[in-house]
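Everything below concerns the one structure shown next.
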Amino acid sequence: MAQVRPFAAVRPRADLADKIAALPYDVYNRAEAKAKVQGDNYSFLRIDRAESQLPDDVDTYDERVYAKAKELLYSMIEDGSFVTEEKPCYYVYELTMDGRKQAGIVACSSIDDYQSGVIKKHENTRADKEQDRINHVDTLSAQTGPIFLAYKAKDVIDTLVERIKKGEPLYSFTADDGIMHEVWVIDKSEDVDCIRQTFAGMNAIYIADGHHRAASAVKVGLKRRSENPAHTGDEEYNFFLSVLFPDNQLKILDYNRVVKDTNGLSGEEFMAKLSESFDVEPSDGAVSPDAKGVFGLYTDGKWYRLSLKEGLRPDDPVKGLDVSVLQDIVLGPILGIGDPRTDSRIDFVGGIRGLKELERRAESDMKLAFSMYPTSIEELFAVADAGLLMPPKSTWFEPKLRSGLFIHRF
């Protein structure tokens with residue numbers, strides 16, 4: 001039984017929504033964040049990456065960074081750039097990318113559901129990245145970046161969302177990357193009850209993107225519990241900001257790999273080893289894999305199509321993933337990359353960057369580029385349902401949810 005409840009959002013004034021909304025904090029490195037917000041007095045990135053407002057010699061994780069974030073947020077609340085909803089509501093948040101729409105429910109999810117496994121995860125988190133967001137959330141007493149959750153589609157919610165979308169949107173704007181963002185409020189009691197009860201009938205919700213933000217929100221909530229002798233379980237710190245999308249509207253893009261060298265092998269030796277497990281065919285053009293078990297390889301100015309030979313895919317929800325097949329058959333045993341999380345000889349390229357980026361990398365700082373068939377949402381669910389974890393960099397979701405459109409204070 002999932003607890004998904006409405007909340008009184010702190011949100012931008014309608015005429016400022018497009019100026020405030022920003023891509024997630026982890027899309028940028030420090031230098032990129034600083035350049036992005038230079039001369040900008042509204043972008044929420046100033047709050048999510050407050051080191052951009054401080055001298056370069058201030059460490060990214062310095063307590064002054066989080067204090068600056070709090071100062072910026074609360075000054076924008078005080079000057080009216082943000083308003084606070086009068087009563088708890090849900091929202092519909094729809095993103096449109098290249099004509100494809102996905103509409104989610106903005107709500108607060110339960111840290112108890114995360115703890116009990118009703119909210120299922122598929123990735124490990126890094127302690128340093130967790131601690132950064134713990135400090136941010138705890139200092140601000142607010143969650144500012146929503147966790148991207150997925151659920152198995154329900155007709156009753158689909159029908160309600162389509163009806164709500166016929167009304168006047170609260171926000172409607174197209175960001176500078178061409179993604180359209182629209183928001184509608186859901187505040188009628190019968191609609192609120194319908195959503196709450198429908199989610200209460202679900203025994204599984206899945207983290208699609210935002211594992212670090214989710215883990216951080218949960219740890220801050222548990223910390224607040226321990227500090228509150230009068231804790232009841234109903235306090236806002238027991239819940240975290242989420243957008244929940246039906247699985248049939250989501251698209252996972254490929255997450256490709258580039259490798260620095262052939263691990264001392266000649267080109268002929270490398271191809272011979274590949275041919276033991278794959279049918280290797282030269283290609284006249286770039287290879288965008290069209291089926292599971294198919295990989296593209298670009299090296300020395302040429303593309304190859306690699307097709308996994310029959311009988312080599314393990315019957316296991318994790319080992320059977322294409323990202324695992326590549327790691328376990330090619331990257332590890334042939335190229336000597338034992339841990340892709342720490343090996344400096346490998347890098348990862350999100351599918352949104354396209355195959356030309358793979359060619360560019362293989363012709364500049366890398367030697368080999370592998371294009372991947374995307375992990376499916378069904379594979380993600382299967383791994384999470386089995387209580388297992390995916391290899392790093394298995395999924396790339398687009399479009400990205402904007403930060404700053406909804407803030408959950410506690």
Side-chain angles (χ1 to χ4, degrees), residues 1-9 24 26 88 90 104-152 154 195-247 317-318 377 380-390 392 394-395 397 401 406-410:
M1 173 179 170
Q3 297 181 69
V4 176
R5 76 177 196 176
F7 69 111
D26 52 0
Y90 294 113
I105 300 292
V106 185
C108 281
S109 299
S110 166
I111 68 173
D112 288 321
D113 287 346
Y114 181 96
Q115 293 280 88
S116 69
V118 171
I119 296 175
K120 298 176 181 288
K121 45 191 179 286
H122 66 266
E123 279 184 12
N124 271 324
T125 55
R126 279 175 41 191
D128 58 338
K129 293 181 71 174
E130 252 188 56
Q131 191 60 51
D132 169 49
R133 287 302 103 177
I134 288 171
N135 293 342
H136 196 273
V137 171
D138 200 24
T139 301
L140 273 61
S141 289
Q143 297 134 10
T144 60
I147 287 87
F148 184 160
L149 301 180
Y151 63 93
K152 293 174 182 176
K154 296 287 184 183
I195 292 171
R196 191 197 294 264
Q197 290 166 14
T198 303
F199 279 110
M202 299 183 192
N203 58 13
I205 292 172
Y206 303 83
I207 300 177
D209 200 8
H211 283 79
H212 286 92
R213 276 167 282 167
S216 302
V218 170
K219 287 184 177 178
V220 172
L222 294 175
K223 174 177 176 284
R224 294 294 177 98
R225 283 183 180 183
S226 68
E227 295 169 349
N228 181 10
H231 168 78
T232 66
D234 195 49
E235 297 88 353
E236 289 295 331
Y237 57 69
N238 294 288
F239 299 86
F240 59 87
L241 181 62
S242 312
V243 187
L244 301 102
F245 290 92
D247 60 337
V318 174
I377 194 74
L380 185 156
F381 283 2
V383 170
D385 284 340
L388 301 172
L389 299 174
M390 285 186 173
S394 293
T395 58
F397 283 92
L401 309 183
F406 310 95
I407 296 165
H408 174 228
R409 290 177 65 181
F410 54 86

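Looking at Asp112 and Arg225, a side-chain N of the basic residue comes within less than 4.0 Å of a carboxylate O on the acidic one, giving a salt bridge. Using a 4.0 Å cut-off between charged nitrogen and carboxylate oxygen, Arg5 and Asp234 count as a salt-bridge pair.
Considering every non-hydrogen atom in both Leu244 and Val4, the closest pair reads CD1-CG1, 3.9 Å. The heavy-atom pair separating Ile119 from Leu149 by the smallest distance is CG2-CD2, 4.4 Å. Taking every heavy atom of both residues into account, Ala217 and Ile111 meet most closely at O-CG2, 4.4 Å. Scanning both residues, Leu388 and Pro317, for their nearest heavy atoms gives CD1-CG, 3.7 Å.
Within the structure, side-chain hydrogen bond (donor to acceptor under 3.5 Å, both in side chains) contacts touching residues 205-223 (residues at least two apart or in different chains) are Glu130-Lys219, Asp138-Lys223, Tyr206-Asp385, Lys223-Glu227.
Taking the side chain as every heavy atom from C-beta outward, Phe406 and Leu401 never approach each other to under 4.5 Å. A 4.5 Å side-chain heavy-atom check between Gln3 and Asn238 finds every atom pair outside the cut-off. Within the 4.5 Å cutoff, no side-chain heavy atoms of Val220 are placed close to those of Tyr237. Looking only at side-chain heavy atoms (C-beta outward), Asp113 and Ile205 stay at 4.5 Å or farther from each other. No side-chain heavy atom of Cys108 sits under 4.5 Å from any side-chain heavy atom of Phe240.
A cation-pi arrangement is absent between Lys120 and Phe381 under the rule of less than 6.0 angstrom and at most 45 degrees off the ring axis.
Side chains of Gln131 and Asp128: no donor on one and acceptor on the other come within 3.5 Å.
Counting only distance, with no hydrogens or angles, the side chain of Tyr114 and the backbone of Ser109 share no donor-acceptor pair below 3.5 Å.
Taking CE of Met1 as the reference point, atom OG of Ser110 lies at 10.0 Å (rounded to 0.5 Å). Atom CZ of Phe397 sits about 10.5 Å away from atom CZ of Phe245, to the nearest 0.5 Å. Rounding to the nearest 0.5 Å gives a distance of 13.5 Å between CD1 of Ile134 and NZ of Lys129. Taken from CG in Asp247 to OH in Tyr151, the straight-line distance is 8.5 Å, to the nearest 0.5 Å.
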Compile the donor-acceptor pairs under 3.5 Å between side chains in residues 139-146 and protein atoms, sequence neighbours left out, one pair per line.
unit_1 : atom_1 : unit_2 : atom_2 : d
Thr139 : OG1    : Asn135 : O      : 2.7
Ser141 : OG     : Arg224 : NH2    : 2.9
Gln143 : OE1    : Leu241 : N      : 2.9
Gln143 : OE1    : His408 : ND1    : 2.7
Gln143 : NE2    : Phe239 : O      : 3.2
Thr144 : OG1    : Asp48  : OD1    : 3.0

